[in-house]
Amino acid sequence: MLQLILYLVLILVVIAIALRSVIVVRQATAAVVERLGQYSRTLKPGLHVLIPFIESVRKIVDLREQVWDYPPQEIITKDNVVVKIDNVMYYMVTDPVKVVYEVQDVDQAILKLTQTAIRNVCGNLTLDELLTSREKINETLRQDLDIATDPWGIKVTRVEIKTIMPPPEIQEAMTKQMKAERDKRATILEAEGIKQAAILKAEGERQAKILTAEGERQAQILRAEGEAQALLTVAKAKGDAAEVYFQGIHKGNPTKDIIAINYLETLNKIAEGKATKIFLPYESSALLGSLGTIKEIFSKEEEKGENEK
């Protein structure tokens, strides 16, 4: 019976030793193995067997990206303003061996280093620069921390400043300044709008006057062209009538006596006008001579009639 108990104890010890010698490394982690207190190797994810009592796992390191949300800390800016800065940092382990052997407590080391870096970077800036240069500060902090943590096997991927909290009196002054600046911008925009409206109105009136003048000019041109066309038509019609009239006269083969009589009738119509002076053409003397001839003809005819009686 005693032997059976010893066998069972021996079997349990062997099973315990075997279980301790078998290790499963999870995904995104790495196991640092020591052999007799000295670094031996780094185990990747999977099933591994260690030498009992000789090899042991020193530490299992998480290789995923990690985040540190630091508590707000007070700093003094270049223009002697005390502000609180709340920031967050993202980092990941690139070398598990360095994380285990190059630094005692990596979390505390990163915390203190980050606080010091924030004081150094933000302390060289004024409050206005601190509030307006957040992206530049983030990049500067990331570069400084990445260089400082590289010997520890740490890669700093990103540093973000969440909030910058000035003192209440500074916040009140900034609020008043912001309100004044907004009122100034609103006044400028309103004045600019009034100016633009006046310019557009004047431009519209000018264009309207130009279009009106252009329309009147075109109307006058068209009216003048119409009158000129009408005069040309009338003149052409009169010319055609006169031509027909004179053609009829020429076809009738008028004598000089008939022409003279028509001429006198025309002169009589001219004399009936309101003109106080009448200018007779030079050719009227010849016509008057023809009238004398006509008179002699009529006189001879009258004498001839009396003789016949």
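Note that this is a predicted model, so its numbers are computed, not measured.
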Cys122 and Ile85, any side-chain heavy atoms less than 4.5 Å apart: yes

Greater than 12 external heavy atoms within 6.0 Å of Gln27's CD: no

Minimum side-chain heavy-atom gap Ile154-Val106 below 4.5 Å: yes

Those residues that, when tested against Thr187, pass side-chain contact (heavy atoms from CB on, under 4.5 Å) (two or more places apart): none

Distance-minimising heavy-atom pair for Thr126 and Lys78: N-CB, 3.9 Å

Cluster overlap Val93 with Tyr39, hydrophobic side-chain contacts below 4.5 Å: yes

Salt bridge (Lys or Arg N to Asp or Glu O under 4.0 Å) contacts touching residues 29-40 (sequence neighbours left out): Glu34-Arg58, Arg35-Glu55

Connected via hydrophobic side-chain network under 4.5 Å: Val24 and Val49: yes

CG-CD distance between Leu111 and Gln115, expressed to the nearest 0.5 angstrom: 4.5 Å

More than 12 heavy atoms of other groups within 6.0 Å of Arg26 CZ: no

Side chain to side chain donor-acceptor pair (under 3.5 Å) involving Thr149 - partner list, sequence neighbours excluded: none

CD on Glu192 to CZ on Arg185, rounded to 0.5 Å: 15.0 Å

Taking every non-hydrogen atom, the tightest pair across Glu129 and Asn124: OE1-O, 4.5 Å

Qualifying residues under side-chain contact (heavy atoms from CB on, under 4.5 Å), relative to Arg182, sequence neighbours excluded: Met178

Heavy-atom side-chain contact between Glu135 and Glu139 under 4.5 Å: no

Neighbour count >12 (heavy atoms, 6.0 Å) for atom NZ, Lys162: yes

Flag if over 12 foreign heavy atoms under 6.0 Å of CD, Glu190: no

Chi angles and distances behind the side-chain contact (heavy atoms from CB on, under 4.5 Å) call for Leu145, Val159: CA-CA 9 Å; Leu145 292 174; Val159 178; 3.9 Å; yes

Contact check, side chains of Trp68 and Asp107, non-hydrogen atoms, under 4.5 Å: yes

Audit row: Tyr70, Ile110, side-chain contact (heavy atoms from CB on, under 4.5 Å) steps and yes/no: CA-CA 10 Å; Tyr70 300 103; Ile110 293 175; 3.1 Å; yes

Partners meeting salt bridge (Lys or Arg N to Asp or Glu O under 4.0 Å) with Asp62 (sequence neighbours left out): Arg64

From Asp95, Thr94, Asp146, residue fulfilling side chain to side chain donor-acceptor pair (under 3.5 Å) relative to Lys155: Asp146

Heavy-atom pair of closest approach, residues Ile161 and Asn138: N-OD1, 3.1 Å

Pairing residues for Asp79 by the salt bridge (Lys or Arg N to Asp or Glu O under 4.0 Å) criterion, not counting sequence neighbours: none

Residues clustering with Leu43 (ILVMFWY side chains joined when closer than 4.5 Å, directly or via others): Ile23, Val25, Val33, Leu50, Val57, Ile60

Side-chain heavy atoms of Leu47 within contact of Val22, under 4.5 Å: yes

Nearest atoms (heavy-atom pairs only) where Asp69 meets Asn87: OD1-O, 3.5 Å

With sequence neighbours excluded, residues passing salt bridge (Lys or Arg N to Asp or Glu O under 4.0 Å) with Glu102: none

Arg119 side chain near Gln73 side chain, heavy-atom distance below 4.5 Å: yes

Min side-chain heavy-atom separation Leu130-Ile164 under 4.5 Å: yes

Reported NZ-to-CD distance for the pair Lys201 and Gln196, which is rounded to 0.5 angstrom: 14.5 Å

Inter-residue atom distance Thr77.OG1 - Asp128.CG, 0.5 Å rounding: 9.5 Å

Distance-minimising heavy-atom pair for Thr157 and Tyr91: OG1-N, 4.0 Å

CZ-CD1 distance between Arg142 and Ile147, expressed to the nearest 0.5 angstrom: 9.0 Å

Taking every non-hydrogen atom, the tightest pair across Val83 and Pro167: CG1-CD, 4.4 Å

Hphob cluster co-occupancy, Ile51 + Leu36, side-chain heavy atoms under 4.5 angstrom: yes

Listed once per pair and sorted, the salt bridge (Lys or Arg N to Asp or Glu O under 4.0 Å) pairs that draw on residues 210-226, sequence neighbours left out: Glu214-Arg217

side-chain contact (heavy atoms from CB on, under 4.5 Å) against Pro52, all qualifying residues, sequence neighbours excluded: Ile17, Ser21

Salt bridge (Lys or Arg N to Asp or Glu O under 4.0 Å) involving Glu203 - partner list, sequence neighbours excluded: Arg206

Verify same cluster id: Leu131, Ile137 (apolar side-chain graph, 4.5 Å): yes

Heavy-atom neighbours of Ile54 CD1 exceed 12 at 6.0 Å: yes

Set of residues satisfying side-chain contact (heavy atoms from CB on, under 4.5 Å) with respect to Arg158, sequence neighbours excluded: Tyr90, Glu160

